[in-house]
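Written out below as structure tokens is the structure these notes cover.
Labels below follow one simple rule: chain letters A, B, ... track the order of the sequence lines, proteins then strands, and each chain is numbered from 1.
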Amino acid sequence: MSYDEVYKLSLEKGFFAPGSEIYSDAPAGFWEYGPLGVSLRNRYVDLWRRELVRRDQMLEIDGSQVMSKSVFKASGHLDGFADPIVACSKCGTIARADRMIAERVRITLSENLADAQYDKLIEENKLTCVNCKGRYGSVRKFNMMFRIGIGPRDEGAYLRPETCQSIFVDYIRLFKTMRAKLPIAFAQFGKSFRNEISPRQGLLRLREFYQAEIEVFFNPEQANIPSKKYDGIRDYAITITREDGSSAKMTCSELVQHGIVLNWLFAYYLALVAKFYSKTGIDMSKARFRELARDERAFYAASAYDFEVKTSIGWLELVACNYRSDYDLSAHAKTSGRSLVVEDDNRKVLPHIFEISMGIDRSLYTILEHSMIKDNGRNLLRLPAYLSPVQVGVFPLVNKNGIRDMAKQIHEGLKLDYDTIYDSAGSIGRRYRRQDELGTPICITVDYASLTDDSVTLRLRDSMGQERIHRNKIGNRISEIISYIA
RNA sequence: GCGGGAUUGGUCUAGCCUGGUAGGAUGUCAGCCCCCCAAGCUGAAGGUCUCGGGUUCGAAUCCCGGAUCCCGCACCA
């Protein structure tokens, strides 16, 4: 299905909506989750916990969204997360100063020049606006972090642009209190904030967004030692696209043997990511890991793979897998003056980090897009049952006293354990179709026969098939249907 | 941020050029029907037409500005 159709479903059924929309000065890049969106997201995060956090016995934390200036001084975001930009004094067009100069003067600039040096280059080469030939103003740094002021003195702090910084600053305490041993992964689901110059495509590039990040701390000398843990993924195949554009489906063993993935540890986590997404309903034949070229990588990444999925608007990056080496920990150790070294194998080690950074909002978008189908004119959201926002619909076949009462009673009995909808409006077929559109996997209908033998009809979303079961068995049957696949 | 297009009940849309205060479809709700796969009947609710300013006796409609959305460019750690 297309972006427009997902967007429409979102607005009509209450998955997502633009933020502050009743005000005409509502800023772009902020979206709200409606009831179905929250439910879908919660189930997605539950699956993430199941398939990644618990499977690998990770430690999950929930850090603060506001962090001190020092954190980002150390992390490099104050400098590295800022781009030198220059605006035309006539038409206002904004250009990246470094790229614009490099391209037009045909020189290679060293990184992080002072603003004045860019100004000098622009003047020396008589560079004018690409758009209107107007004169450029002076170069300044545009930082993508939201700065906020704390307390009456307005002390400078920032909204975190990635959740992982919380893990880096908390790690040494966690390592000690949780009796951790390398390698150990920390996980976090939460919000991050980036002041995009111009966010586009509402659900896909937000200024406030959810991430689920996993930071694997390991001893670099131990990363390629085969261990039992990796046995399960040796023959697991993933599609990988190399820097040169070539694509191949290879097993994890092959990836490591051919040096495409640096070590067993990285291969293991790439496989876990692929396994996780294969359970979300995303079409894995449209998914790949893409090796990033040096100039595509984040400033902290020594090697990087993006997990991408093909959607109606092109390949979409859902997960960034970065080898951050000891970049973060040595920077934080240096800036804070604290030792972040731990003991491993009777030696002092500054751990290296492999990161799995998942974009939640765009993952949910992709799941919706891949799940929406038309089945003989029927609008169907074919989500895995364990991700469906509503699990059970309960209907009286007809709105007559005995039947209605029993349907309500059955609904009462289910509503605390599941997300349910009771619906008595319109024909029975209409009510089934309403639930199909939301992805509800199960509908229970109470009819005349129910009054005599306490049985009900259980109707399944995908097959439209019906089962006749005793009302005492409803709970068991629902649990069966919505249980996770092995 | 630049250029272009757009913005009318929950959703889609007519009306705009040729100013005279909104019409439809679908959805929703109530009643009828009483039905196991939507789109049968009757009725109802829901819009100060994105926001602000201007022109005019009068603005959804014309003009200016802001916001948002879409498309290109730039940006995307």
Closest to the 5' end of RNA chain B, once A:Leu11 and A:Arg378 are matched to their nearest nucleotides, is A:Leu11
Between B:G40 and B:C33 - C1' atom distance, rounded Å | 8 Å
To the nearest Å, give me how far apart CD (A:Glu437) and C1' (B:G10) are.
-> 13 Å
How is the base pairing of RNA chain B summarised as a dot-bracket string, given the Watson-Crick and G-U wobble criteria with both distances under 3.5 Å, [ ] for crossing and | for another strand?
-> (((((((..((((......[..)))).(((((.......))))).....(((((..]....))))))))))))....
Indicate whether any N or O donor in one side chain lies under 3.5 Å from an N or O acceptor in the other, for A:Asp361 and A:Tyr33.
-> yes
Distance between the P atoms of B:G19 and B:U56, in whole angstroms?
-> 16 Å
For A:Arg288, which residues count as a salt bridge (Lys or Arg N to Asp or Glu O under 4.0 Å) partner, sequence neighbours excluded?
-> A:Glu308
Identify every side-chain donor-acceptor pair in residues 15-26 of chain A under 3.5 Å, counting partners at least two apart or on other chains, and give the distances.
none

List the atom of A:Leu383, the atom of A:Leu40, and the distance in Å for their closest heavy-atom pair.
-> CD1-CD1, 4.2 Å
Checking A:Tyr327, A:Phe218, A:Phe266 against A:Phe354 for ring-ring contact (aromatic ring centres under 6.0 Å, His included), the one that qualifies is A:Phe266
Atom CZ of A:Phe142 and atom P of B:C2 are separated, to the nearest Å, by 14 Å
Which pairs pass ring-ring contact (aromatic ring centres under 6.0 Å, His included) with one or both residues in residues 419-445 of chain A, sequence neighbours excluded?
-> A:Phe395-A:Tyr432, A:His411-A:Tyr422
Integer angstrom distance from the P of B:C71 to that of B:U13 | 15 Å
Whole-angstrom distance between B:C2 and B:U8, as gauged at atom P = 24 Å
Could you state the atom-to-atom distance from NZ of A:Lys8 to P of B:U11 in whole Å?
-> 10 Å
Nearest whole angstrom, please: distance from the P of B:G9 to the CD1 of A:Ile22.
-> 15 Å
Check the distance between B:A38's P and A:Asp375's CG and give it to me in whole angstrom.
-> 12 Å
Salt bridge between A:Arg207 and A:Glu196, side-chain N to carboxylate O under 4.0 Å?
-> no
Can you name the residues that form a salt bridge (Lys or Arg N to Asp or Glu O under 4.0 Å) with A:Arg430, not counting sequence neighbours?
-> none
With sequence neighbours left out, the residues meeting salt bridge (Lys or Arg N to Asp or Glu O under 4.0 Å) with A:Arg43 are A:Asp419
Does A:Leu329 offer a backbone N or O that forms a donor-acceptor pair with the side chain of A:Arg324 under 3.5 Å?
-> no
N/O donor-acceptor pairs under 3.5 Å from side chains in residues 4-14 of chain A, not counting sequence neighbours:
residue	atom	partner	partner atom	Å
A:Glu5	OE1	A:Ser2	N	3.1
A:Glu5	OE1	A:Ser2	OG	3.0
A:Ser10	OG	A:Val6	O	2.8

Detail all sub-3.5 Å separations between protein N/O atoms and N/O atoms belonging to nucleotides 62-64 of chain B.
none

Between A:Phe395 (CZ) and B:A38 (C1'), how many Å, whole number?
-> 12 Å
Provide the full list of side-chain hydrogen bond (donor to acceptor under 3.5 Å, both in side chains) pairs with a residue in residues 60-70 of chain A, sequence neighbours left out, each pair given once.
-> A:Arg49-A:Glu60
Over 60° means perpendicular and under 30° means parallel, so classify the ring planes of A:Tyr277 and A:Tyr44, tilted if in between.
-> tilted
Taking atom P in both B:C64 and B:U18, what distance in whole Å separates the two?
-> 15 Å
Could you state the CG-P distance from A:Leu380 to B:A38, rounded to the nearest angstrom?
-> 14 Å
Distance between P atoms of B:C51 and B:U68 (Å, rounded) = 15 Å
A correct 5'-to-3' footprint of nucleotides 24-36 of chain B, with B, S and - meaning base, sugar-phosphate only and no protein heavy atom under 4.0 Å, is ---SS-----BSB
Quantified in whole Å, what is the C1' atom distance between nucleotide B:C16 and nucleotide B:A60?
-> 7 Å
Letter by letter from the 5' end, nucleotides 65-71 of chain B scores (B base, S sugar-phosphate only, - none; protein heavy atoms under 4.0 Å) -BSSSSB
For B:C70 and B:G23, measure between their C1' atoms and round to the nearest Å.
-> 27 Å
Which residues satisfy the salt bridge (Lys or Arg N to Asp or Glu O under 4.0 Å) test with A:Arg160, sequence neighbours excluded?
-> none
Do the ring planes of A:Phe186 and A:Phe217 sit parallel (below 30°), tilted (30 to 60°) or perpendicular (above 60°)?
-> perpendicular
